[in-house]
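Chain letters run A, B, ... following the sequence lines, proteins first, then strands; residues in each count from 1.
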2 protein chains.
Amino acid sequence: MFMTTLWDRSRQVAVQAILDTAVRLFAEQGYEQTTIAQIAREAGISQRSLFRYFGTKEDLVCGDQEALGELLRRTVEQQPAEVSAWDALRAGFEVILTANHTPERVLELSRLIFATPSLHARYIEKRLRWQTELVPVIQARLGTTTDPSSPDPRAKAIVATAFACVDTATELWAGHDGRLDLADLYDQCLAAVRGED
Amino acid sequence: MFMTTLWDRSRQVAVQAILDTAVRLFAEQGYEQTTIAQIAREAGISQRSLFRYFGTKEDLVCGDQEALGELLRRTVEQQPAEVSAWDALRAGFEVILTANHTPERVLELSRLIFATPSLHARYIEKRLRWQTELVPVIQARLGTTTDPSSPDPRAKAIVATAFACVDTATELWAGHDGRLDLADLYDQCLAAVRGED
DNA sequence: GCCTTTCTGGCAGTTAATGCCAAGTGGGCG
DNA sequence: CGCCCACTTGGCATTAACTGCCAGAAAGGC
């Protein structure tokens with residue numbers, strides 16, 4: 001049923017308000033210099049409730065990635081069978097890009113993540129979970145290896161490399177204030193790695 | 001001068017004692033369940049001094065990586081000019097591998113790192129610093145790009161990919177209790193990514 | 001309107017980490 | 001040996017990120 005309870009709605013509003021406050025403060029004075037207490041105060045919420053919405057401070061920046069990971073996996077999975085592993089991953093990344101928030105918000109968050117080592121690390125860690133979910137999908141697309149006695153690292157390696165290129169492209173993109181084309185940068189990274197193309 | 005003062009020596013002893021205590025406790029009861037207070041108590045040192053030796057709890061596991069990063073950078077840098085970027089990086093990784101502790105200790109630490117999210121994040125963070133240090137070295141080996149107007153993502157992408165393969169190989173290696181050859185796994189990963197070879 | 005379910009806020013407590021200061025210890029020197 | 005300087009150590013207080021607990025408020029079903 002379309003039972004959007006008031007709880008759900010006010011929750012959505014609260015989450016957005018907290019998120020806006022947090023991102024603004026992070027941009028103004030840096031991530032480490034901003035305390036949870038300050039965010040809670042300015043967002044008009046108790047510290048305790050803030051921790052109920054976002055389990056950790058880092059989740060304020062890279063928290064909503066679970067849904068995106070699911071979208072990515074499904075997109076890659078549903079590519080036609082004749083599409084190569086690399087192209088399937090590329091298609092997935094493309095969808096994620098457009099499904100994201102506004103480009104300005106993405107740019108702001110990217111800058112924050114790449115400027116804060118602990119955030120960058122946590123961000124990559126979240127993405128590692130996406131990677132493990134994608135490995136079987138890519139493995140299926142590669143077919144079985146000729147030697148079934150030793151484990152097949154191909155899928156793992158391909159997925160890890162694709163993400164490394166996404167990361168590299170995003171960092172460059174954020175460093176140039178979004179003036180370059182992200183998809184184009186990704187292609188350049190992949191070309192540099194794979195030689196031909 | 002070769003002035004190995006008593007301070008330096010006792011410092012070395014203390015560091016080793018703390019490290020042994022910490023790794024043992026982490027293996028016995030897990031990383032998160034072990035407190036700094038407990039490590040300090042069992043190592044016979046004050047909590048305050050422990051923090052002077054190791055700035056953070058995470059450094060107890062992946063702390064001595066600064067020296068390794070330096071070694072890696074220098075090794076890659078000193079490869080002959082005719083060695084390709086990929087081979088130079090491979091040579092660097094090879095040196096690091098053998099320069100490390102005993103394989104058992106490495107295996108133990110790897111398992112701990114891959115099993116503990118916060119440790120994994122910190123480990124990634126340290127490696128990201130290695131990457132940024134290596135990018136100019138690889139860039140020099142690649143030569144300048146034909147189009148100087150747009151930034152050159154090649155070095156960044158190559159370094160990121162090489163590390164992604166190291167990470168993939170290490171995870172597989174740790175998952176198989178070190179029964180496989182790490183260098184061999186790395187080569188397989190790179191072959192899967194780069195096609196030929 | 002009443003009762004159950006769920007959410008909220010405050011409070012105390014834990015843990016990692018940092019600054020400060022007094023006390024201890026090694027090392028050089030007359 | 002005794003003295004002084006440099007450096008280290010340990011305890012204390014403090015901060016910031018979390019977590020558990022409990023009382024009270026708000027929402028939803030009847």
Side-chain angles (χ1 to χ4, degrees), chain A residues 1-19 21-23 25-26 29-63 112 116-119 121-123 125-126, chain B residues 1-19 21-23 25-26 29-63 112-113 116-123 125-126:
Chain A
M1 303 304 206
F2 251 134
M3 204 49 194
T4 321
T5 101
L6 179 58
W7 274 335
D8 289 339
R9 266 175 287 140
S10 62
R11 181 184 175 84
Q12 209 108 19
V13 170
V15 162
Q16 205 51 54
I18 296 170
L19 234 40
T21 308
V23 172
L25 288 175
F26 289 157
Q29 46 185 335
Y31 176 79
E32 313 275 8
Q33 283 69 42
T34 306
T35 69
I36 292 284
Q38 189 183 9
I39 298 170
R41 203 180 327 119
E42 298 212 12
I45 200 176
S46 83
Q47 212 173 100
R48 193 65 190 80
S49 288
L50 199 157
F51 274 116
R52 267 193 276 263
Y53 285 124
F54 302 91
T56 71
K57 189 181 177 187
E58 281 141 352
D59 280 351
L60 286 165
V61 177
C62 38
L112 199 58
T116 313
S118 75
L119 270 181
R122 187 64 69 174
Y123 168 73
E125 196 197 331
K126 293 237 171 198
Chain B
M1 306 297 225
F2 254 129
M3 204 49 194
T4 318
T5 132
L6 179 59
W7 271 335
D8 290 339
R9 267 174 285 138
S10 63
R11 179 183 176 85
Q12 209 99 24
V13 170
V15 163
Q16 205 50 54
I18 296 169
L19 234 39
T21 308
V23 171
L25 288 175
F26 289 158
Q29 46 185 333
Y31 178 79
E32 312 276 9
Q33 283 70 42
T34 307
T35 69
I36 292 283
Q38 188 184 8
I39 299 170
R41 203 179 329 117
E42 298 211 11
I45 201 177
S46 83
Q47 209 168 330
R48 194 63 189 81
S49 288
L50 199 156
F51 273 116
R52 267 193 276 262
Y53 285 123
F54 302 91
T56 71
K57 186 182 178 186
E58 284 132 352
D59 281 351
L60 286 165
V61 177
C62 39
L112 202 57
I113 289 171
T116 313
S118 78
L119 270 180
H120 199 176
R122 178 56 66 120
Y123 169 74
E125 195 188 328
K126 297 241 170 194

Pair of N/O donor and acceptor under 3.5 Å linking dG19(C) base with Arg48(B) side chain
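Check passes, donor-acceptor contact within cut-off.
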Atom-to-atom span, [atom1] of [X] to [atom2] of [N] - whole angstrom:
X: Lys57(A); N: dA17(C); atom1: NZ; atom2: C1'; result: 14 Å
X: Asp8(A); N: dA26(D); atom1: CG; atom2: P; result: 19 Å
X: Leu50(A); N: dT19(D); atom1: CG; atom2: C1'; result: 14 Å
X: Arg122(A); N: dA17(D); atom1: CZ; atom2: P; result: 14 Å
X: Arg9(A); N: dC7(C); atom1: CZ; atom2: C1'; result: 16 Å
X: Gln47(B); N: dT15(C); atom1: CD; atom2: P; result: 10 Å
X: Phe51(B); N: dT15(D); atom1: CZ; atom2: P; result: 17 Å
X: Glu58(B); N: dA17(C); atom1: CD; atom2: C1'; result: 11 Å

Contacts of Ser118(A) that satisfy side chain to side chain contact (heavy atoms under 4.5 Å, CB included) - sequence neighbours left out:
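If we apply the side chain to side chain contact (heavy atoms under 4.5 Å, CB included) test to Ser118(A), skipping adjacent residues, the hits are Tyr31(A), Glu32(A), Glu58(A), Thr116(A), Glu125(B).
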Under the side chain to side chain contact (heavy atoms under 4.5 Å, CB included) test, residues paired with Gln33(A) that sit two or more places apart
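Applying side chain to side chain contact (heavy atoms under 4.5 Å, CB included) to Gln33(A) gives none.
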Can you list the residues that meet the side chain to side chain donor-acceptor pair (under 3.5 Å) rule with [X], with sequence neighbours excluded?
X: Gln12(B); result: none
X: Gln47(A); result: none
X: Thr35(B); result: none
X: Lys126(A); result: Asp59(A)

Could you give the distance from CD1 (Ile39(A)) to OG1 (Thr34(A)), rounded to the nearest 0.5 Å?
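These two atoms lie 6.0 Å from each other.
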When you check every protein heavy atom under 4.0 Å of nucleotides 4-9 of chain D, what one-letter string (B, S, -) results, 5' to 3'?
--BS-B
Using heavy atoms and a sub-4.0 Å distance, could you list which residues of residues 29-42 of chain A are near DNA chain D? By number, please.
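Heavy-atom cutoff 4.0 Å gives Thr34(A), Thr35(A), Ile36(A).
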Heavy-atom closest contact (Leu60(A) atom, Leu19(A) atom, distance)
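Closest heavy-atom pair between Leu60(A) and Leu19(A): O-CD1, 3.5 Å.
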Filter on salt bridge (charged side-chain N to carboxylate O under 4.0 Å, His left out), then keep only pairs touching residues 37-48 of chain A, sequence neighbours left out; what's left?
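Qualifying pairs: Arg24(A)-Glu42(A).
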